[in-house]
Amino acid sequence: MKRVRYTKYEGGLAGEMSMEDLLNALSDYLLDSGFQNPWMEFSDLDHTMDALRDALKRALESGELFDERMQQQLDEMTTEGKMDELIEQLIQRMEQENYISIDRPQDTSQTSLTSGKVGENEGPQNDSQVRFEVTDKSLDFLGFKTLRDLLGSLGKSSYGRHDTRHWATGIEASGASRPYVFGDTLNLDTVATLSSAIAREGISLPLNMEYSDLHVHQCEYQSSCATVVMLDCSHSMILYGEDRFTPAKRVALALSHLIRTQYPGDSLSLVLFHDSAEEMPVSQLARVKVGPYYTNTREGLRVAQRVLERQKKDMKQIVMITDGKPSALTLPDGRIYKNAFGLDPLVVSETLEEVSHCKRKGIMINTFMLASDFGLVQFVQRVTQMCRGKAYFTTPHNLGEYLLMDYMQRKMKTIH
């Protein structure tokens, strides 16, 4: 017989705290991309247990997580010296609810199973060496949070699927009906079908219907698309006093969540390009940091094309997020030619040749540029004209809105 054992509930601040609010407060730390800025709150922290404790302490002391009652409880715990205990309880809860996974190294000391004695070499575990990883559950939440923030404040527009603060009345409807043609899905428009028969026969019973009376509803044809996000992780993405890489990562997470939840027939892949280029699982995006120094755009396009060749989709596109001109080139012998001064004719010509390959394969390239110097603008315009794509010259602050809105507008919809 199954039994349930009840115990007394000991309420506590750690159990009452919202994990979503806590993750939101830690989002800059969890998505850190290596931007070392002394003015940023979490810029000096790594993914170790000691660093996580410091990040939690800063988040709790910020005063943004609690209402007045909970803030009073926190002040009392701080006065009584129980802040460390609260932080340990929060870490334990984050692990239990699968928001983080802790990688504890194996202890070199051995415990005797018979005697229960511990070896002489046992010592206190150094938490500065114990690391944790952000789980997929946390990444899903952070992606959803970013998507909601990016698209939740666009205001009134044509009817769609985004929540707003406005109210409206109406019903969901599709396109106008048309006469049935052999091969159509038999989604009959009953009103139009009966009206056609009545107009021809008049009101009488029984009502004789003919093939020409059949009308079917029209709906929008929605095709699927294979997308590769080409993300520039060269050193310029964190130079000049501005972190451009972390906002780009947030956008890619939001785009991944959007495709997975709203467009399940689509596919999304991630390609990082710097001195060279490589494909990276989207699930690892939050852990990616800025890489080597140069921008090998051509190699990124090559890897993206190989990824898209594996996708059996009619629509294929590359979404390139970058802030710098092409400055590197992989030579036939494997060596990397680098020139960061101006637009190198060899690098530009070889990169544009790769763009022409994309055009011949029917791959559209949409470029989102985070810088606006004159030579760079001209290069991006050349790429856009060749592939008939789109180019946006934007900043890290509104990059997300442009990218996500553009992706949804590029979906093909045909009335038939």
Margin query: Between Glu279 and Leu272, is there a side-chain heavy-atom distance shorter than 4.5 Å?
Written below: no
Notebook entry, point to check: Under a 4.5 Å cut-off applied to non-hydrogen side-chain atoms, are Phe273 and Leu231 in contact?
Noted result: no
Notebook entry, point to check: For the atom pair NZ (Lys249) and CZ (Arg287), what is the distance rounded to the nearest 0.5 Å?
Noted result: 10.0 Å
Notebook entry, point to check: Can you tell me how far CE of Met77 sits from CG of Leu86, rounded to the nearest 0.5 angstrom?
Noted result: 4.5 Å
Notebook entry, point to check: Nearest heavy-atom pair of Thr193 and His215: which atoms, and what distance?
Noted result: OG1-N, 3.1 Å
Note to self: Measuring from atom CD of Gln89 to atom CG of Leu56, what distance do you get when rounded to the nearest 0.5 angstrom?
What the structure shows: 12.0 Å
Notebook entry, point to check: For atom OH of Tyr293, is the number of surrounding heavy atoms from other residues, nucleotides or ligands below 6.0 Å larger than 12?
Noted result: no
Next item on the list: Quick one: which residue pairs count as a salt bridge (Lys or Arg N to Asp or Glu O under 4.0 Å) with a foot in residues 343-352, not counting sequence neighbours?
Entry: Arg298-Glu350
Check: More than 12 heavy atoms of other residues, nucleotides or ligands under 6.0 Å from NZ of Lys361: is that the case?
Finding: yes
Next item on the list: Write down the atom of Val290, the atom of Cys233, and the distance for their closest heavy-atom approach.
Entry: CG1-O, 3.3 Å
Notebook entry, point to check: Got Lys338 and Asp275 here, is their nearest side-chain heavy-atom distance under 4.5 Å?
Noted result: yes
Notebook entry, point to check: So, Arg69 and Glu16, do they make that salt bridge, N to O below 4.0 Å?
Noted result: yes
Item checked: Between Asp50 and Thr48: side-chain donor-acceptor atoms closer than 3.5 Å -> no
Item checked: Gln305 and Arg302: side chain donor to acceptor below 3.5 Å -> no
Checklist line | Inter-residue atom distance Ser276.OG - Leu329.CG, 0.5 Å rounding | finding: 11.0 Å
Next item on the list: To the nearest 0.5 Å, tell me how far Leu352 CG sits from Cys358 SG.
Entry: 11.0 Å
Notebook entry, point to check: Are Met320 and Thr297 close enough that some pair of their side-chain heavy atoms sits under 4.5 Å apart?
Noted result: yes
Item checked: Ala59 to Ala25 - nearest heavy-atom pair and separation -> CB-CB, 4.2 Å
Donor-acceptor pairs under 3.5 Å, side chain of residues 92-102 to any protein atom, not counting sequence neighbours: which ones?
{"unit_1": "Arg93", "atom_1": "NE", "unit_2": "Glu97", "atom_2": "OE2", "d": "2.7"}
{"unit_1": "Arg93", "atom_1": "NH1", "unit_2": "Ala14", "atom_2": "O", "d": "2.7"}
{"unit_1": "Arg93", "atom_1": "NH1", "unit_2": "Met17", "atom_2": "O", "d": "2.6"}
{"unit_1": "Arg93", "atom_1": "NH2", "unit_2": "Met17", "atom_2": "O", "d": "3.3"}
{"unit_1": "Glu95", "atom_1": "OE1", "unit_2": "Arg104", "atom_2": "NH2", "d": "3.3"}
{"unit_1": "Glu95", "atom_1": "OE2", "unit_2": "Arg104", "atom_2": "NH1", "d": "3.2"}

Notebook entry, point to check: At their closest point, which heavy atom of Leu285 faces which heavy atom of Leu253, and how far apart are they?
Noted result: CD2-N, 3.7 Å
Note to self: As an exercise, state the distance from SG of Cys387 to CE of Met364, rounded to the nearest 0.5 Å.
What the structure shows: 8.5 Å
Notebook entry, point to check: Counting heavy atoms not belonging to Lys313, are there more than 12 under 6.0 Å from its NZ?
Noted result: yes
Notebook entry, point to check: What pair of heavy atoms forms the shortest contact from Val347 to Ala328, and how long is it?
Noted result: CG1-O, 3.7 Å
Checklist line | Met230 side chain reached by Leu301 side chain, heavy atoms, under 4.5 Å | finding: yes
Notebook entry, point to check: Under 6.0 Å from the CZ atom of Arg360, do we count more than 12 heavy atoms belonging to anything else shown?
Noted result: yes
Notebook entry, point to check: Who are the side chain to side chain contact (heavy atoms under 4.5 Å, CB included) partners of Glu76, not counting sequence neighbours?
Noted result: Gln72
Margin query: Less than 4.5 Å apart, side chain to side chain, heavy atoms only: is that true for Val319 and Ile365?
Written below: no
Checklist line | Ser234 side chain to Thr295 side chain, donor-acceptor N/O pair below 3.5 angstrom | finding: yes
Next item on the list: State, with a plain yes or no, whether a side-chain heavy atom of Ile321 is found less than 4.5 Å away from one of Asp232.
Entry: no
Item checked: Any side-chain heavy-atom pair of Met19 and Leu90 under 4.5 Å -> yes
Check: Which heavy-atom pair separates Pro281 from Leu270 by the least distance, and what is that distance?
Finding: O-CD2, 4.3 Å
Check: Do Glu20 and Asn24 have side-chain N/O donor and acceptor atoms under 3.5 Å apart?
Finding: no
